[in-house]
Amino acid sequence: MKSVYMDNNATTALKKEALDAMLPYYTDIYGNASSKFYKIGRDSEQALYQMRVSVAENLGAVNANEIYFTGSGCEADNWAVKGAAFANKSRGNHIITSKIEHHAILNTCEYLEKHGFEVTYLDVDEYGFVSAEAVEKAITDKTILISIMTANNEIGTIEPIKEIADVAKRHKVIFHTDAVQAIGHMPVNVRELGVDMMSVSAHKFHGPKGVGALYIRNGVRIDNLIHGGGQERGKRAATENLAGIAGMAKALEVAVKNLEHSMSHCMRMRDRLIKGIKDNIPYCRLNGPEKDGRICNNVNFSFQYVEGESILMMLDMHGIAASSGSACASGSLDPSHVLMAIGLPHEIAHGSLRLSVCDNITEDDVDYVIEVLPHIIQRLRDMSPLYEGVEK
Ligand SMILES: *Cc1c(COP(=O)(O)O)cnc(C)c1O
(Lines give C-alpha, C1' and ligand atoms only; values in the text may rest on other atoms or scores of the structure.)
Protein backbone atom coordinates (compact mmCIF):
# COMPACT_ATOMS: atom_id res chain seq x y z
CA MET A 1 0.00 0.00 0.00
CA LYS A 2 1.11 3.55 -0.73
CA SER A 3 2.13 5.55 2.31
CA VAL A 4 1.90 9.34 2.35
CA TYR A 5 2.89 11.45 5.34
CA MET A 6 0.97 14.72 5.22
CA ASP A 7 1.26 15.82 8.84
CA ASN A 8 4.38 17.97 8.62
CA ASN A 9 2.85 20.65 10.83
CA ALA A 10 2.86 18.04 13.63
CA THR A 11 6.41 16.89 13.06
CA THR A 12 8.82 16.22 10.21
CA ALA A 13 11.19 13.42 9.28
CA LEU A 14 14.78 13.89 10.41
CA LYS A 15 17.04 14.98 7.56
CA LYS A 16 19.96 12.71 6.70
CA GLU A 17 22.39 15.64 7.04
CA ALA A 18 21.04 16.37 10.51
CA LEU A 19 21.39 12.75 11.61
CA ASP A 20 24.96 12.65 10.31
CA ALA A 21 25.74 15.83 12.21
CA MET A 22 24.37 14.29 15.43
CA LEU A 23 26.11 10.90 15.45
CA PRO A 24 29.63 11.99 16.50
CA TYR A 25 28.22 13.46 19.71
CA TYR A 26 26.79 10.08 20.68
CA THR A 27 30.07 8.26 19.96
CA ASP A 28 33.39 10.13 19.87
CA ILE A 29 32.72 13.63 21.16
CA TYR A 30 30.92 12.74 24.38
CA GLY A 31 32.69 15.22 26.63
CA ASN A 32 30.73 17.55 28.88
CA ALA A 33 30.92 21.02 27.32
CA SER A 34 31.58 22.43 30.81
CA SER A 35 34.66 20.23 31.38
CA LYS A 36 37.50 22.44 30.26
CA PHE A 37 40.52 20.64 31.68
CA TYR A 38 40.79 17.96 29.03
CA LYS A 39 40.55 17.83 25.28
CA ILE A 40 37.31 15.92 24.80
CA GLY A 41 35.49 18.43 27.03
CA ARG A 42 37.00 21.38 25.18
CA ASP A 43 36.06 19.77 21.85
CA SER A 44 32.45 19.66 23.02
CA GLU A 45 32.61 23.26 24.21
CA GLN A 46 34.10 24.40 20.88
CA ALA A 47 31.49 22.47 18.92
CA LEU A 48 28.67 23.91 21.01
CA TYR A 49 29.97 27.42 20.37
CA GLN A 50 30.09 26.80 16.62
CA MET A 51 26.51 25.50 16.66
CA ARG A 52 25.36 28.60 18.52
CA VAL A 53 27.11 30.82 15.97
CA SER A 54 25.50 28.89 13.13
CA VAL A 55 21.97 29.08 14.61
CA ALA A 56 22.45 32.80 15.35
CA GLU A 57 23.58 33.49 11.78
CA ASN A 58 20.73 31.53 10.25
CA LEU A 59 18.18 33.39 12.36
CA GLY A 60 19.75 36.81 11.82
CA ALA A 61 20.80 37.40 15.43
CA VAL A 62 23.59 39.93 16.02
CA ASN A 63 25.37 37.84 18.66
CA ALA A 64 25.67 34.10 19.23
CA ASN A 65 25.01 34.74 22.93
CA GLU A 66 21.45 35.79 22.10
CA ILE A 67 20.65 32.14 21.29
CA TYR A 68 19.61 29.95 24.25
CA PHE A 69 19.14 26.26 23.61
CA THR A 70 16.06 24.64 25.13
CA GLY A 71 14.45 21.20 25.29
CA SER A 72 11.54 22.07 22.94
CA GLY A 73 9.43 24.77 21.33
CA CYS A 74 6.99 24.52 24.26
CA GLU A 75 9.82 25.17 26.68
CA ALA A 76 10.94 28.23 24.71
CA ASP A 77 7.36 29.57 24.71
CA ASN A 78 6.91 28.93 28.45
CA TRP A 79 10.20 30.57 29.26
CA ALA A 80 9.63 33.63 27.09
CA VAL A 81 6.19 34.37 28.53
CA LYS A 82 6.71 33.45 32.19
CA GLY A 83 10.29 34.70 32.29
CA ALA A 84 9.45 38.12 30.85
CA ALA A 85 6.26 38.44 32.91
CA PHE A 86 7.93 37.78 36.25
CA ALA A 87 11.08 39.77 35.47
CA ASN A 88 9.07 42.86 34.52
CA LYS A 89 6.19 42.73 36.98
CA SER A 90 7.35 45.85 38.79
CA ARG A 91 6.52 47.73 35.56
CA GLY A 92 3.07 46.23 35.03
CA ASN A 93 1.00 43.07 34.89
CA HIS A 94 -0.66 43.16 31.48
CA ILE A 95 0.07 40.74 28.62
CA ILE A 96 -1.34 40.77 25.09
CA THR A 97 -1.64 37.65 22.94
CA SER A 98 -4.12 36.23 20.41
CA LYS A 99 -6.87 33.63 20.54
CA ILE A 100 -5.11 31.44 17.97
CA GLU A 101 -1.75 30.92 19.68
CA HIS A 102 -0.37 27.45 20.37
CA HIS A 103 -1.39 26.00 23.75
CA ALA A 104 2.20 26.46 24.92
CA ILE A 105 1.38 30.20 24.94
CA LEU A 106 -2.32 30.11 25.83
CA ASN A 107 -1.98 27.74 28.79
CA THR A 108 1.06 29.65 30.05
CA CYS A 109 -0.98 32.87 29.95
CA GLU A 110 -3.80 31.15 31.84
CA TYR A 111 -1.29 30.09 34.47
CA LEU A 112 -0.08 33.67 34.76
CA GLU A 113 -3.66 34.88 35.23
CA LYS A 114 -3.73 32.80 38.42
CA HIS A 115 -0.63 34.67 39.56
CA GLY A 116 -1.89 38.22 39.29
CA PHE A 117 -1.34 38.93 35.60
CA GLU A 118 -4.03 40.19 33.24
CA VAL A 119 -4.14 38.84 29.71
CA THR A 120 -5.88 40.24 26.62
CA TYR A 121 -6.62 37.51 24.07
CA LEU A 122 -7.04 39.35 20.78
CA ASP A 123 -9.64 38.31 18.21
CA VAL A 124 -8.54 37.42 14.69
CA ASP A 125 -10.40 37.96 11.41
CA GLU A 126 -12.03 35.19 9.35
CA TYR A 127 -8.65 34.20 7.88
CA GLY A 128 -6.84 34.17 11.20
CA PHE A 129 -5.04 37.51 10.88
CA VAL A 130 -4.21 39.53 13.99
CA SER A 131 -4.18 43.25 13.25
CA ALA A 132 -1.34 45.49 14.40
CA GLU A 133 -3.92 48.22 15.12
CA ALA A 134 -5.79 45.88 17.46
CA VAL A 135 -2.53 45.15 19.25
CA GLU A 136 -1.84 48.87 19.62
CA LYS A 137 -5.37 49.57 20.91
CA ALA A 138 -5.00 46.86 23.56
CA ILE A 139 -1.81 48.37 25.00
CA THR A 140 -2.20 50.06 28.40
CA ASP A 141 0.37 51.62 30.70
CA LYS A 142 0.48 48.25 32.47
CA THR A 143 1.43 46.25 29.35
CA ILE A 144 4.78 44.49 29.67
CA LEU A 145 4.64 41.75 27.03
CA ILE A 146 3.09 40.98 23.64
CA SER A 147 3.26 37.46 22.20
CA ILE A 148 1.94 36.79 18.70
CA MET A 149 2.91 33.76 16.61
CA THR A 150 4.66 34.13 13.25
CA ALA A 151 2.61 31.45 11.48
CA ASN A 152 -0.34 29.46 12.75
CA ASN A 153 0.06 25.70 13.06
CA GLU A 154 -3.52 24.80 12.16
CA ILE A 155 -4.57 27.11 9.34
CA GLY A 156 -1.22 28.50 8.18
CA THR A 157 -1.91 32.22 8.62
CA ILE A 158 1.26 34.36 8.55
CA GLU A 159 0.88 37.25 10.99
CA PRO A 160 2.14 40.83 10.38
CA ILE A 161 5.05 40.37 12.78
CA LYS A 162 7.12 43.34 11.60
CA GLU A 163 4.19 45.74 12.04
CA ILE A 164 3.39 44.36 15.49
CA ALA A 165 7.07 44.57 16.46
CA ASP A 166 7.06 48.25 15.43
CA VAL A 167 4.02 48.90 17.60
CA ALA A 168 5.64 47.12 20.55
CA LYS A 169 8.86 49.08 20.12
CA ARG A 170 7.01 52.39 19.97
CA HIS A 171 5.30 51.58 23.27
CA LYS A 172 8.45 50.06 24.83
CA VAL A 173 6.76 46.68 25.34
CA ILE A 174 8.68 43.40 24.99
CA PHE A 175 7.61 41.44 21.91
CA HIS A 176 7.87 37.67 21.62
CA THR A 177 6.93 35.56 18.61
CA ASP A 178 6.46 31.79 18.40
CA ALA A 179 8.12 31.15 15.03
CA VAL A 180 8.01 27.35 15.32
CA GLN A 181 5.85 26.86 12.21
CA ALA A 182 7.60 29.56 10.21
CA ILE A 183 11.24 28.55 10.37
CA GLY A 184 12.25 26.58 7.30
CA HIS A 185 9.03 27.58 5.53
CA MET A 186 9.47 31.33 5.07
CA PRO A 187 12.31 33.82 5.58
CA VAL A 188 12.71 34.47 9.31
CA ASN A 189 15.26 37.02 10.49
CA VAL A 190 15.01 38.37 14.03
CA ARG A 191 16.69 41.65 13.12
CA GLU A 192 14.53 42.34 10.09
CA LEU A 193 11.39 41.39 12.01
CA GLY A 194 12.48 43.48 14.98
CA VAL A 195 11.36 40.96 17.61
CA ASP A 196 12.79 40.80 21.14
CA MET A 197 12.32 37.06 21.63
CA MET A 198 11.58 34.18 19.27
CA SER A 199 10.80 30.49 19.87
CA VAL A 200 12.28 27.75 17.69
CA SER A 201 11.67 23.98 17.56
CA ALA A 202 13.97 21.67 15.58
CA HIS A 203 11.53 18.88 14.77
CA LYS A 204 9.30 21.16 12.69
CA PHE A 205 12.09 21.75 10.15
CA HIS A 206 13.49 18.21 9.81
CA GLY A 207 15.68 18.38 12.91
CA PRO A 208 15.44 16.05 15.92
CA LYS A 209 12.64 16.07 18.50
CA GLY A 210 13.22 17.37 22.01
CA VAL A 211 15.39 20.35 21.16
CA GLY A 212 14.60 23.99 20.51
CA ALA A 213 15.90 27.48 21.11
CA LEU A 214 14.82 30.84 22.41
CA TYR A 215 16.31 33.95 20.86
CA ILE A 216 16.57 36.66 23.52
CA ARG A 217 17.79 40.00 22.25
CA ASN A 218 20.57 41.39 24.42
CA GLY A 219 19.02 43.84 26.87
CA VAL A 220 15.66 42.05 27.30
CA ARG A 221 14.88 41.36 30.96
CA ILE A 222 13.86 37.78 31.57
CA ASP A 223 14.01 35.49 34.61
CA ASN A 224 16.22 32.42 34.55
CA LEU A 225 14.42 29.22 33.63
CA ILE A 226 16.33 26.33 35.19
CA HIS A 227 18.41 27.01 38.29
CA GLY A 228 21.57 24.97 38.55
CA GLY A 229 24.89 25.28 36.79
CA GLY A 230 26.17 28.01 34.52
CA GLN A 231 25.02 26.57 31.20
CA GLU A 232 23.28 28.91 28.75
CA ARG A 233 24.84 31.88 30.56
CA GLY A 234 23.30 30.70 33.82
CA LYS A 235 19.76 31.15 32.53
CA ARG A 236 18.95 27.56 31.66
CA ALA A 237 21.06 25.11 33.63
CA ALA A 238 21.51 21.48 32.51
CA THR A 239 24.24 19.70 30.57
CA GLU A 240 23.67 20.57 26.93
CA ASN A 241 22.05 18.10 24.54
CA LEU A 242 24.97 18.38 22.15
CA ALA A 243 23.75 15.81 19.63
CA GLY A 244 20.29 17.35 19.53
CA ILE A 245 21.68 20.84 19.15
CA ALA A 246 24.04 19.63 16.39
CA GLY A 247 21.04 18.15 14.57
CA MET A 248 19.04 21.35 14.96
CA ALA A 249 21.90 23.57 13.78
CA LYS A 250 22.46 21.41 10.69
CA ALA A 251 18.75 21.11 9.87
CA LEU A 252 18.42 24.89 10.15
CA GLU A 253 21.47 25.49 7.96
CA VAL A 254 20.09 23.18 5.26
CA ALA A 255 16.59 24.65 5.57
CA VAL A 256 17.89 28.21 5.13
CA LYS A 257 20.14 27.22 2.23
CA ASN A 258 17.29 25.46 0.38
CA LEU A 259 14.55 27.85 1.45
CA GLU A 260 13.65 29.27 -1.94
CA HIS A 261 13.49 25.91 -3.67
CA SER A 262 11.70 24.24 -0.78
CA MET A 263 9.10 27.01 -0.50
CA SER A 264 8.28 26.96 -4.19
CA HIS A 265 7.98 23.15 -4.20
CA CYS A 266 5.75 23.12 -1.10
CA MET A 267 3.59 25.91 -2.52
CA ARG A 268 3.07 23.97 -5.72
CA MET A 269 2.04 20.87 -3.77
CA ARG A 270 -0.15 22.95 -1.45
CA ASP A 271 -1.96 24.68 -4.31
CA ARG A 272 -2.39 21.41 -6.22
CA LEU A 273 -4.02 19.91 -3.13
CA ILE A 274 -6.27 22.93 -2.59
CA LYS A 275 -7.41 22.96 -6.21
CA GLY A 276 -7.91 19.18 -6.33
CA ILE A 277 -10.04 19.21 -3.21
CA LYS A 278 -12.12 22.22 -4.26
CA ASP A 279 -12.71 20.75 -7.73
CA ASN A 280 -13.69 17.30 -6.51
CA ILE A 281 -15.51 17.70 -3.22
CA PRO A 282 -18.71 19.73 -2.76
CA TYR A 283 -19.62 21.52 0.50
CA CYS A 284 -16.05 22.20 1.55
CA ARG A 285 -14.36 25.33 2.84
CA LEU A 286 -10.68 26.27 2.88
CA ASN A 287 -9.70 27.54 6.33
CA GLY A 288 -7.03 30.24 6.50
CA PRO A 289 -5.92 32.65 3.76
CA GLU A 290 -6.37 31.72 0.09
CA LYS A 291 -2.78 32.35 -0.97
CA ASP A 292 -1.26 35.59 0.26
CA GLY A 293 -0.34 35.27 3.89
CA ARG A 294 -0.52 31.48 3.97
CA ILE A 295 2.50 29.40 4.99
CA CYS A 296 3.75 27.31 2.07
CA ASN A 297 3.12 23.86 3.53
CA ASN A 298 -0.33 24.04 5.12
CA VAL A 299 -3.75 23.03 3.80
CA ASN A 300 -6.83 23.04 6.05
CA PHE A 301 -10.37 22.26 4.90
CA SER A 302 -13.71 21.81 6.60
CA PHE A 303 -16.12 19.33 5.05
CA GLN A 304 -19.74 19.73 5.95
CA TYR A 305 -21.74 16.73 7.27
CA VAL A 306 -18.70 14.66 8.31
CA GLU A 307 -16.51 14.18 11.39
CA GLY A 308 -12.79 14.91 11.28
CA GLU A 309 -11.84 11.73 13.17
CA SER A 310 -13.73 9.55 10.71
CA ILE A 311 -11.84 11.16 7.82
CA LEU A 312 -8.52 10.52 9.61
CA MET A 313 -9.35 6.86 10.25
CA MET A 314 -10.29 6.24 6.65
CA LEU A 315 -7.25 8.12 5.36
CA ASP A 316 -5.11 5.95 7.64
CA MET A 317 -6.63 2.85 6.07
CA HIS A 318 -5.31 4.20 2.78
CA GLY A 319 -1.85 4.85 4.21
CA ILE A 320 -2.32 8.62 4.51
CA ALA A 321 -1.27 10.40 7.72
CA ALA A 322 -3.05 13.71 8.38
CA SER A 323 -4.53 15.67 11.23
CA SER A 324 -7.83 17.21 12.28
CA GLY A 325 -8.82 20.21 14.34
CA SER A 326 -11.90 18.50 15.64
CA ALA A 327 -12.80 17.32 19.08
CA CYS A 328 -11.49 13.86 19.96
CA ALA A 329 -8.13 14.43 18.28
CA SER A 330 -7.26 16.84 21.06
CA GLY A 331 -9.03 14.82 23.77
CA SER A 332 -11.61 17.49 24.50
CA LEU A 333 -15.20 18.06 23.46
CA ASP A 334 -14.64 21.48 21.99
CA PRO A 335 -13.33 21.77 18.47
CA SER A 336 -10.07 23.58 17.78
CA HIS A 337 -9.79 27.00 19.42
CA VAL A 338 -8.33 28.29 16.14
CA LEU A 339 -11.32 27.23 14.05
CA MET A 340 -13.63 28.72 16.70
CA ALA A 341 -11.66 31.98 16.63
CA ILE A 342 -12.07 32.37 12.86
CA GLY A 343 -15.81 32.04 13.40
CA LEU A 344 -16.62 28.53 12.21
CA PRO A 345 -19.79 27.03 13.64
CA HIS A 346 -19.16 23.90 15.77
CA GLU A 347 -20.59 21.47 13.24
CA ILE A 348 -18.33 22.75 10.47
CA ALA A 349 -15.23 22.91 12.66
CA HIS A 350 -15.80 19.25 13.58
CA GLY A 351 -15.36 18.21 9.97
CA SER A 352 -11.94 19.69 9.48
CA LEU A 353 -8.81 18.18 7.99
CA ARG A 354 -5.24 19.48 7.99
CA LEU A 355 -2.87 18.24 5.32
CA SER A 356 0.68 19.57 5.62
CA VAL A 357 3.36 18.92 3.03
CA CYS A 358 7.16 19.08 2.86
CA ASP A 359 10.00 18.80 0.33
CA ASN A 360 9.58 15.04 0.04
CA ILE A 361 5.94 15.17 -1.06
CA THR A 362 5.57 14.49 -4.79
CA GLU A 363 2.83 15.27 -7.29
CA ASP A 364 1.99 11.55 -7.19
CA ASP A 365 1.43 11.75 -3.43
CA VAL A 366 -0.85 14.77 -3.87
CA ASP A 367 -2.78 13.10 -6.69
CA TYR A 368 -3.22 9.96 -4.60
CA VAL A 369 -4.79 12.05 -1.80
CA ILE A 370 -7.01 13.86 -4.31
CA GLU A 371 -8.10 10.50 -5.70
CA VAL A 372 -8.85 8.90 -2.33
CA LEU A 373 -10.34 11.79 -0.36
CA PRO A 374 -13.51 12.46 -2.40
CA HIS A 375 -14.56 8.79 -2.01
CA ILE A 376 -13.93 8.93 1.72
CA ILE A 377 -15.97 12.09 2.15
CA GLN A 378 -18.78 10.69 -0.01
CA ARG A 379 -18.91 7.42 1.96
CA LEU A 380 -19.02 9.26 5.27
CA ARG A 381 -21.72 11.60 4.00
CA ASP A 382 -23.78 8.66 2.78
CA MET A 383 -23.76 7.36 6.37
CA SER A 384 -24.56 10.74 7.91
CA PRO A 385 -28.13 11.56 8.92
CA LEU A 386 -27.22 15.24 8.55
CA TYR A 387 -26.51 14.76 4.87
CA GLU A 388 -29.83 13.07 4.07
CA GLY A 389 -31.80 15.23 1.75
CA VAL A 390 -28.94 17.65 1.10
CA GLU A 391 -28.11 16.05 -2.22
CA LYS A 392 -31.67 16.35 -3.57
C1 LIG B 1 4.89 22.36 17.51
C2 LIG B 1 4.66 23.73 17.99
C3 LIG B 1 5.11 24.13 19.25
C4 LIG B 1 5.73 23.18 20.24
O5 LIG B 1 7.00 22.73 19.87
P6 LIG B 1 7.57 21.41 20.58
O7 LIG B 1 9.01 21.40 20.22
O8 LIG B 1 6.81 20.26 19.99
O9 LIG B 1 7.34 21.57 22.05
C10 LIG B 1 4.92 25.44 19.63
N11 LIG B 1 4.33 26.32 18.81
C12 LIG B 1 3.90 25.98 17.59
C13 LIG B 1 3.27 27.01 16.72
C14 LIG B 1 4.04 24.67 17.15
O15 LIG B 1 3.58 24.33 15.94
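Nothing fancy with the numbering, it's 1 onward along the sequence. No hydrogens, no waters, no symmetry mates; every other heavy atom, side chains included, goes into these values. Counting starts at 1 for both ligands and their atoms, following the listed order. If you're wondering where the values come from, they're calculated on a predicted model, not measured in any experiment.
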Under a 4.0 Å threshold between the charged nitrogen and the carboxylate oxygen, would K275 count as salt-bridged to D271?
no
For the pair Y305 and Y387, name the ring-plane relationship: parallel under 30°, tilted 30 to 60°, perpendicular over 60°.
tilted
Within the 4.0 Å heavy-atom shell around M149, which atoms of ligand 1 are there?
13 (C)
Counting both backbone and side chain atoms, is some N or O of N153 under 3.5 Å from an N or O of ligand 1?
no
Which is it for K209 and ligand 1 at heavy atoms under 4.0 Å: side chain, backbone, both or neither?
neither
Heavy-atom contacts with S201 under 4.0 Å: which atoms of ligand 1 show up? List them by number with element.
5 (O), 6 (P), 7 (O)
Any chance the rings of Y30 and Y25 have centres within less than 6.0 Å?
no
By number and element, which atoms of ligand 1 are closer than 4.0 Å to a non-hydrogen atom of S72?
7 (O), 9 (O)
Short N-O contact, K169 and D196, less than 4.0 angstrom:
no
Side-chain donor-acceptor pair under 3.5 Å between N297 and S356, yes or no?
no
If the cut-off is 4.0 Å to any non-hydrogen atom of H203, which atoms of ligand 1 fall inside it?
6 (P), 7 (O), 8 (O)
F86 and F117 aromatic centres sub-6.0 Å:
yes
Does a donor on one side chain and an acceptor on the other come within less than 3.5 Å for D178 and S199?
no
Identity and separation of the nearest protein heavy atom to atom 11 (N) of ligand 1:
D178 OD2, 2.6 Å
Of Q181, H102, E154, E75, the one whose closest heavy atom lies nearest atom 12 (C) of ligand 1 is H102
So between A10, G212, C74, whose heavy atom ends up nearest atom 4 (C) of ligand 1?
C74
Considering only heavy atoms of V180, which atoms of ligand 1 have at least one such atom less than 4.0 Å away?
1 (C), 2 (C), 3 (C), 10 (C), 11 (N), 12 (C), 14 (C), 15 (O)
Donor on one side chain, acceptor on other, N9 and N298, under 3.5 Å
yes
Measure the distance from atom 1 (C) of ligand 1 to every protein heavy atom, then report the residue, atom name and distance (to 0.1 Å) of the closest one.
K204 NZ, 1.4 Å
Starting from atom 6 (P) of ligand 1, which protein heavy atom do you reach first, and at what distance in Å?
G73 N, 3.5 Å
For ligand 1, which part of N152 has a heavy atom less than 4.0 Å away: the side chain, the backbone, both, or neither?
neither
Against heavy atoms of D77, which atoms of ligand 1 measure under 4.0 Å?
10 (C), 11 (N)
Under 3.5 Å, is there a donor-acceptor pair between the K209 and T11 side chains?
yes
